[in-house]
Amino acid sequence: MIKVCKFGGSSVANAGQFKKIKSIVDSENERKVIVASAIGKSDKDDHKVTDLLYLCVAHKKYGMSYDSLLEEIRKKHQAVIDELGLSFDLEAEISRLKDLLDRKENKDEIISYGEYLSSRLLALYLNAEFVDAKDVVSFNYDGSLNIELTKEKFLPFMETRKKIVVPGFYGVLPNGIIKTMSRGGSDITGSLLANIIDATVYENWTDVSGVYVADPRVIQNPKLVSTITYSELREMSYMGANVLHDESIFPVKEKHIPINIRNTNKPEDLGTMIVDSSDDKDSVITGITGKKDFEIISVAKQGSTNEVGFLSKIFGIFDNYDVPIVFLTTSIDSFSMIVDKNSVKCSIYELANEIKTRLECDEVTVSGNLALVCVVGRNMRAKKGMAGNVFSLLGDNGINIRTISQGSDEISIIVGIDEENFTKAVSCLYEGFVK
Ligand code: ADP
Ligand code: ASP
Ligand code: MG
């Protein structure tokens, strides 16, 4: 019976937080595998170590000095070392980091330093064994996780009688080069290790007491969800509820291992359980989330609905430009592809123009300023008129709906609106459905 516990950036933000972790970890023998993020913010004006490392890389790129940034990173770790009375050669580690920056080595190795350092310190403080992610967490060359190889490398460490601390967020490619995951990736490391050791539960310790129906930065004191399914959380986290990385759901889901979101600052709170399925029929809506920064490419061509292969030709052009389509909405002879602005590395107008000329379309337009708002709930499919309610609530509040999408599993309804209406839309849906 082993639990994997991942502690996020705010949970390792300073010596006081390290003390809270120690009391959580020591209170249960089953809490044997610990995954740590880099030192995060102690308060809202503070800086995350990972952000400082990204800044160092950017300063290096533009020939600017990064000494003051390195000093800030050093001070944050030194404060933890001093207050906890740890014996650790920080100077040697910082000069190794400086050396990597000077030599302009692998950028990912530099970025991974935040997790590496916090985990070294945490292992020392917990009297646990430090297992470097570069020696266990393995990727394939395409960036996907190699679960089998990670298992082969990690299981021997489980024979130790000590607790184990592993840095989150990074691993190695088959050639041994360090690779980091996308932001918030320590959640994935925790999930991966939980899968490998068949953990009884994957505890994800953060700064909130679980998953709220809506983002607490948008809605004041939102309702807490006690149980939610993997599919619902996947929809919510993909659509902006960044309490958990959306990709971290897959490894634990595969083994039916529950995720328990817990609050490091309030360990007595039971948090949210994320499970395969739930019989709870009380709440119809489990989440109201959303994201800004989307664009729509709309394609119109007379008769195209009957043209075999028309859509696949459009998709082929998106593939060539390496732009993923987030959603597709269709009407007769017209199709709208919604894309995340940040994933478009090319010129979106070039892509649109290629569709227009190659497929001889009547019209191809690009429009931006789109936010998506998502209403999630496994019990929505049994409830009549849900989509109508969403549209009326938005309409009554003067919010124009630009796109509509509902998956065939009817677990979510996603609407596209103007970005300036984002907060208003989340608020009125919350008022209407939850309050
Ligand atoms: P960590 O550093 O522990 O990984 P994150 O900052 O990544 O923590 O995630 C926790 C944060 O997620 C919370 O502080 C909260 O502001 C934000 N969040 C966004 N949406 C939600 C939601 N629906 N429920 C809970 N937290 C949410
Ligand atoms: N430190 C990394 C980040 O800030 C990874 C993580 O916290 O999960 O994105
Ligand atoms: Mg996180």
Side-chain angles (χ1 to χ4, degrees), residues 5-13 17 20-21 24 35-44 46-55 73 76 108 110-119 133 137 166-171 179-192 202-226 228 232-249 259-266 269 271-272 274 285-291 373-377 426 429-430 434:
C5 306
K6 177 256 169 178
F7 291 92
S10 56
S11 303
V12 291
Q17 296 300 86
K20 291 179 191 167
I21 294 182
I24 291 167
V35 174
S37 283
I39 288 186
K41 295 182 183 192
S42 277
D43 56 64
K44 72 176 189 349
D46 196 8
H47 301 118
K48 284 182 170 188
V49 166
T50 309
D51 290 337
L52 294 170
L53 289 164
Y54 272 106
L55 264 179
I73 294 171
K76 280 177 178 292
D108 284 23
I110 295 163
I111 305 298
S112 74
Y113 239 81
E115 268 68 15
Y116 168 77
L117 285 176
S118 61
S119 303
V137 175
V166 186
F169 188 48
Y170 70 96
K179 180 187 149 45
T180 49
M181 301 172 183
S182 51
R183 295 302 303 265
S186 301
D187 290 335
I188 305 175
T189 309
S191 178
L192 170 69
Y202 169 29
E203 290 182 343
N204 193 289
W205 292 84
T206 181
D207 61 352
V208 282
S209 291
V211 179
Y212 294 114
V213 173
D215 189 332
R217 292 161 301 185
V218 179
I219 301 289
Q220 262 190 3
N221 296 324
K223 194 178 146 209
L224 195 78
V225 185
S226 57
I228 183 170
E232 287 172 302
L233 189 74
R234 160 85 181 146
E235 299 262 345
M236 280 183 72
S237 54
Y238 184 79
M239 285 304 302
N242 59 347
V243 58
L244 200 74
H245 194 296
D246 58 292
E247 287 168 41
S248 66
I249 292 155
I259 309 173
N260 187 195
I261 310 272
R262 298 286 291 263
N263 191 343
T264 304
N265 307 315
K266 289 186 182 171
D269 290 355
T272 298
I274 300 145
I285 302 292
T286 19
I288 299 165
T289 57
K291 276 207 274 198
V373 172
C374 177
V375 178
V376 183
V426 173
L429 291 171
Y430 185 83
V434 187

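All figures in this text were calculated on a predicted structure; none of them were measured in a lab. In listed order, ligands and their atoms are each counted from 1.
- Residues Asp269 and Ser209 bring a donor and an acceptor atom of their side chains to less than 3.5 Å of each other.
- Here the heavy atom of the protein found nearest to atom 6 (C) of ligand 2 is Ser186 OG, 3.4 Å.
- If you check each of Asn242, Ile288, Asp207 against atom 18 (N) of ligand 1, the one with the closest non-hydrogen atom is Asn242.
- Looking from atom 24 (N) of ligand 1 to the surrounding protein, the closest heavy atom is Tyr212 N, 2.9 Å.
- Distances shorter than 4.0 angstrom do not occur between any heavy atom of Gly287 and any atom of ligand 1.
- Note: an N/O pair closer than 3.5 Å links Gly9 and ligand 1 by distance alone.
- Screening Ile188, Val137, Thr189 for a side-chain contact (heavy atoms from CB on, under 4.5 Å) with Val35, the sole residue that qualifies is Thr189.
- For atom 3 (O) of ligand 1, the nearest non-hydrogen atom of the protein is Thr206 OG1, 2.7 Å.
- The protein heavy-atom contact nearest to atom 5 (C) of ligand 2 is Glu115 OE2, 3.3 Å.
- The contact set between ligand 1 and Val211, taken as ligand atoms under 4.0 Å from a residue heavy atom, comprises 24 (N).
- Contact annotation: for Ser37 versus ligand 2, heavy atoms closer than 4.0 Å belong to the side chain alone.
- For ligand 2, none of its N or O atoms has an N or O atom of Lys6 under 3.5 Å away.
- Of the heavy atoms in Pro216, only side-chain atoms (C-beta onward) come closer than 4.0 Å to ligand 1.
- Residue Lys6 places a heavy atom less than 4.0 Å from ligand 1.
- A side-chain N or O of Ser186 and one of Ser37 form a donor-acceptor pair less than 3.5 Å apart.
- Close contacts of ligand 2 with Arg183, meaning ligand atoms under 4.0 Å from a residue heavy atom, involve 3 (C), 4 (O), 9 (O).
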